[in-house]
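To start, the structure itself, in structure tokens.
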Amino acid sequence: QDQLVESGGGLVQAGGSLRLSCTASGRSFQSYMGWFRQAPGMEREFLAGIGWSGRLTSYADSVKGRFTISRDNTKNTVYLQMNELKPEDTGAYFCNALSTYASGRPLADWGQGTQVTVSS
């Protein structure tokens with residue numbers, strides 16, 4: 001089945017780090033992949049995108065310099081390394097296929113996401 005499964009979320013104090021993983025099956029794993037976040041009461045927003053080789057990446061201004069997206073195509077997996085976490089980073093994190101590395105346009109059905117909570 002085409003499927004997106006996110007993992008690695010949890011509770012962390014401000015300034016801490018987490019690494020999220022996203023495994024994708026079937027057509028959910030594409031040349032361009034990305035991460036999204038949905039904060040409480042907010043719309044889902046694009047955070048980061050990556051091309052097939054990993055050379056092309058893009059980031060939202062809110063996470064640039066703190067988050068790093070990467071991928072392992074042999075494992076159909078995309079990662080999001082999150083450093084210097086802030087309380088405003090709290091939310092549900094999702095991955096998806098993208099039309100291009102910087103488009104922010106999801107192409108597949110959403111997975112369940114993984115919850116990240118950052119405390120002060």
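Along the sequence shown, residues carry numbers from 1.
Summarising the geometry of Gly91 relative to Pro40, their closest heavy-atom pair is CA-CD, 4.4 Å, with the distance given to 0.1 Å. Here the shortest heavy-atom pairing between Ala14 and Pro87 reads CB-CD, 4.1 Å. For the pair Ile69 and Trp35, the tightest heavy-atom approach, listed with the atom from each and the gap, is CD1-CD1, 3.7 Å. Closest non-hydrogen pair, Gly65 versus Glu84, comes out as O-OE2, 4.5 Å. Minimum interatomic distance between Gly111 and Phe94 (heavy atoms only, all atoms of both residues): O-CE2, 3.6 Å.
A donor-acceptor pair under 3.5 Å links the side-chain atoms of Thr114 to the main chain of Gly9, judged by distance alone. When atom types are taken as modelled, the side chain of Thr77 and the backbone of Lys75 share a donor-acceptor pair closer than 3.5 angstrom. A donor-acceptor distance shorter than 3.5 angstrom exists from the side chain of Thr90 to the backbone of Val118, with no hydrogens or angles considered. Checking side-chain atoms of Gln112 against main-chain N and O of Glu6 turns up no donor-acceptor pair under 3.5 Å.
Separation of the Phe36 and Phe46 ring centroids falls under the 6.0 Å cut-off.
Ring geometry for Phe29 against Trp52 counts as perpendicular: the plane angle is over 60°, on a 0 to 90° scale with 30° as the lower cut.
Tyr79 does not carry Arg71 over the face of its six-membered ring by the limits of under 6.0 Å from the centre and within 45° of the normal.
Arg27 CZ to Asp109 CG: the interatomic distance, rounded to the nearest 0.5 Å, is 10.0 Å. Atom CG of Leu47 and atom CG of Leu80 lie 7.0 Å apart (nearest 0.5 Å). Rounding to the nearest 0.5 Å places OH of Tyr93 at 7.5 Å from CG of Leu20. Note that CE of Met33 is 8.5 Å distant from CG of Asn76, once rounded to the nearest 0.5 Å. Between the CZ atom of Arg66 and the CD atom of Gln81 there is a distance of 12.0 Å, given to the nearest 0.5 Å. A distance of 7.0 Å separates OG in Ser25 from CG in Leu4, rounded to the nearest 0.5 Å.
In this structure, Leu56 and Ile50 have side chains that are not in contact, with every pair of non-hydrogen atoms separated by 4.5 Å or more. Between Val12 and Thr117, every side-chain heavy-atom pair lies at or beyond the 4.5 Å cut-off.
Tyr101 and Leu107 fall into different hydrophobic clusters, where Ile, Leu, Val, Met, Phe, Trp and Tyr side chains are chained together by heavy-atom contacts under 4.5 Å. Under a hydrophobic-cluster definition in which Ile, Leu, Val, Met, Phe, Trp and Tyr are linked whenever side-chain heavy atoms come within less than 4.5 Å, directly or via other members, Phe67 and Leu98 are assigned to different clusters.
A donor-acceptor pair shorter than 3.5 Å can be found between the side chains of Asn83 and Ser17.
Arg37 has a carboxylate O that lies under 4.0 Å from a charged side-chain N of Glu45, or vice versa, which qualifies the two as a salt bridge. With respect to the salt-bridge test (charged N to carboxylate O, under 4.0 angstrom), the residues Lys64 and Asp61 qualify.
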